[in-house]
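Because the structure is predicted, anything quoted here is derived from the model rather than measured. In each ligand, atom 1 is the first atom listed, and ligand 1 is the first ligand listed. Residue numbers start at 1 and run along the sequence shown.
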Amino acid sequence: MSSKSKAQSPKLPFVLVNLAMTADAKIATANRAVHSFGSARDRAHLYELRATADAVMCGARTVEISRSILGTGGGKFRKQRLKHGLAEYNLRVIVSGSGSLDPDTEIFKNHFSPIIVLTTERVPPKKLIQLRRLAGEVKICGKTEINFPTALRWLRTKWGVKRLLCEGGGELNAALFRAGLVDEINLTLCPKIFGGRTAPTMADGLGIPRLAEATDFNITSIRRFDGELFTVFSRRI
Ligand SMILES: NC(=O)c1ccc[n+]([C@@H]2O[C@H](COP(=O)([O-])OP(=O)(O)OC[C@H]3O[C@@H](n4cnc5c(N)ncnc54)[C@H](OP(=O)(O)O)[C@@H]3O)[C@@H](O)[C@H]2O)c1
């Protein structure tokens, strides 16, 4: 899907990606042990962005490793949501194409808003039953690969998702970039070096073979706080 075709698809949500990245372009250490390394300002920024979104989405590994419940961040941010005309709590979306998502993941112990799992026909029947017990809805969106344009259109029509915040990880982000669905990147650049050729980056997966297939963005904002750079990239149309 090209940038133009997304612009012509009013039924798709506006998609923002948010992440913190080291100066050597890593979003976690190679052993995945360090995944939170931004400042308190960066954490507040994450909650501020969540307060503008109908739903927050993550890949299976990110919700498992980070133990994030994808919550609002507290009463202050819930008030901001209401001011923006949004529901008090954001919807939570987890992507797990094979259904390997761990049922003991922290997010399933917190019931403040519906959890939606996007998966494929690869999910084993027993696992599907288990996930259906845990989540508000489990949606099969493709045979072996998730068809993200279809999935996002469904999120908009069925669940009213107009703004979708994707919080990684690298594999999920890559699929969204490849499908031409990302409208904005909020990238916090942190002055650290992790190294490690297998450490995750903003967009992993297979990558593109030709420059012509790159997704182009404009840098639309750069601000410096406490030694970090808060940047915004907007899709070039
Ligand atoms: N610094 C930051 O801001 C930041 C933000 C987010 C994450 N992280 C870090 O990034 C790491 C996780 O990244 P990751 O790339 O390994 O994992 P990820 O994208 O969070 O999750 C990967 C899993 O999600 C599912 N998935 C993702 N894309 C899919 C697709 N196109 N189709 C079907 N299923 C898909 C698959 O689940 P199944 O295996 O169940 O099919 C896949 O194994 C963690 O270390 C995390 O802490 C850092």
Query raised in the report: Which ligand 1 atoms, with their elements, are less than 4.0 angstrom from a heavy-atom of Phe37?
Result: 1 (N)
Report task. Would you indicate which of Cys190, Ala199, Gly169, Gly97 comes nearest to atom 13 (O) of ligand 1 when only heavy atoms are counted? Result -> Gly169
Report summary line: A student comparing Leu101, Thr62, Leu118 should find that the heavy atom closest to atom 20 (O) of ligand 1 comes from Thr62
Report summary line: Going by the 4.0 angstrom heavy-atom rule, the piece of Ser98 near ligand 1 is both
Query raised in the report: Of all the heavy atoms in Cys58, does at least one lie under 4.0 Å from an atom in ligand 1?
Result: no
Query raised in the report: Between Asn218 and Thr220, is a side-chain hydrogen bond (donor to acceptor under 3.5 Å, both in side chains) present by the stated rule, with each step listed?
Result: CA-CA 6 Å; Asn218 290 317; Thr220 46; over 6 Å; no
Query raised in the report: Should Arg32 be counted as touching ligand 1, given the test is an N or O pair under 3.5 Å?
Result: yes
Query raised in the report: Any link between Val95 and Trp159 through a network of hydrophobic side chains (Ile, Leu, Val, Met, Phe, Trp, Tyr) touching at under 4.5 Å?
Result: yes
Report task. Could you check atom 32 (N) of ligand 1 against the protein and tell me its nearest heavy-atom contact, residue, atom and distance included? Result -> Ile146 CG1, 3.8 Å
Report task. For atom 17 (O) of ligand 1, find the nearest protein heavy atom and state the residue, atom name and distance (0.1 Å precision). Result -> Arg61 CB, 3.4 Å
**Report entry** Short N or O distance, Ala60 and ligand 1, threshold 3.5 Å exclusive
**Finding:** yes
Query raised in the report: Thinking salt bridges, do Glu48 and Arg41 make one under a 4.0 Å N-O criterion?
Result: yes
Requested in this report: Could you check atom 30 (C) of ligand 1 against the protein and tell me its nearest heavy-atom contact, residue, atom and distance included?
Outcome: Phe148 CE1, 4.0 Å
Query - Candidate pair Thr201 and Asp204, rule side-chain hydrogen bond (donor to acceptor under 3.5 Å, both in side chains), full reasoning - result: CA-CA 6 Å; Thr201 69; Asp204 294 324; 2.5 Å; yes
Report task. Would you mind finding which of Leu46, Leu172, Thr201 brings a heavy atom closest to atom 27 (C) of ligand 1? Result -> Leu172
Report task. Report, in ascending order of atom number, the atoms of ligand 1 lying under 4.0 Å from any heavy atom of Leu19. Result -> 3 (O)
Report task. Ignoring angles and geometry beyond distance, decide whether Ala20 reaches within less than 3.5 Å of ligand 1 through its nitrogen or oxygen atoms. Result -> yes
Query raised in the report: Does an N or O anywhere in Ala175 fall below 3.5 Å from an N or O of ligand 1?
Result: no
Report summary line: Nearest non-hydrogen contact to atom 14 (P) of ligand 1 from the set Ala174, Ala30, Gly205, Gly170 belongs to Gly170
**Report entry** Partner set under side chain to side chain donor-acceptor pair (under 3.5 Å) for Arg223, not counting sequence neighbours
**Finding:** none
Query raised in the report: Mind checking whether Ser100 has an N or O less than 3.5 Å away from an N or O of ligand 1?
Result: yes
Query raised in the report: Hey, does the side chain of Lys127 reach the backbone of Leu101 with a donor-acceptor pair shorter than 3.5 angstrom?
Result: yes
Report task. Give the residue, atom name and distance (to 0.1 Å) of the protein heavy atom nearest atom 47 (O) of ligand 1. Result -> His35 CB, 2.7 Å
Report task. Measure from the side-chain N and O atoms of Lys192 to the backbone N and O of Asp24, and report whether any donor-acceptor pair falls under 3.5 Å. Result -> no
Query raised in the report: Are Leu46 and Leu172 connected in the hydrophobic side-chain network, where two residues link if heavy atoms are under 4.5 Å apart?
Result: no
Requested in this report: Output yes when a side-chain donor or acceptor of Arg50 lies under 3.5 Å from a complementary backbone atom of Val56, and no otherwise.
Outcome: no
Query raised in the report: Would a distance-only check, ignoring hydrogens and angles, find a side-chain to backbone donor-acceptor pair under 3.5 Å from Gln130 to Pro103?
Result: no
Query raised in the report: Of all the atoms in ligand 1, which lie at a distance below 4.0 Å from a heavy atom belonging to Glu171?
Result: 15 (O), 19 (O), 22 (C), 28 (N), 42 (C), 43 (O)
Query raised in the report: If only atom types and distance count, is the side chain of Asp54 paired as donor or acceptor with the main-chain N or O of Lys162 below 3.5 Å?
Result: yes
Query raised in the report: Yes or no on side-chain hydrogen bond (donor to acceptor under 3.5 Å, both in side chains) for Ser113 and Arg92, after CA distance, side-chain angles and deciding distance?
Result: CA-CA 7 Å; Ser113 74; Arg92 297 170 290 165; 3.1 Å; yes
Report task. Among all protein heavy atoms, pick the one closest to atom 8 (N) of ligand 1 and tell me residue, atom and distance. Result -> Ile27 CD1, 3.7 Å
Query raised in the report: Between Arg156 (side chain) and Leu12 (backbone), is there a donor-acceptor pair under 3.5 Å?
Result: yes
Query raised in the report: Is there a donor-acceptor contact under 3.5 Å from the side chain of Thr105 to the main chain of Glu64?
Result: no
Report task. Look at atom 35 (C) of ligand 1 and say which protein heavy atom is nearest, naming residue and atom and giving the distance to 0.1 Å. Result -> Val95 CG1, 3.6 Å
Query raised in the report: Numbering the atoms of ligand 1 from 1, which are under 4.0 Å from a heavy atom of Gly59?
Result: 18 (P), 20 (O), 21 (O), 24 (O)
Report task. Using a 4.0 Å heavy-atom cut-off, say whether Ser96 meets ligand 1 through its side chain, its backbone, both or neither. Result -> both
Report task. May I ask you to identify, for Glu167, whether its side chain, its backbone, both or neither come under 4.0 Å of ligand 1 on a heavy-atom basis? Result -> backbone
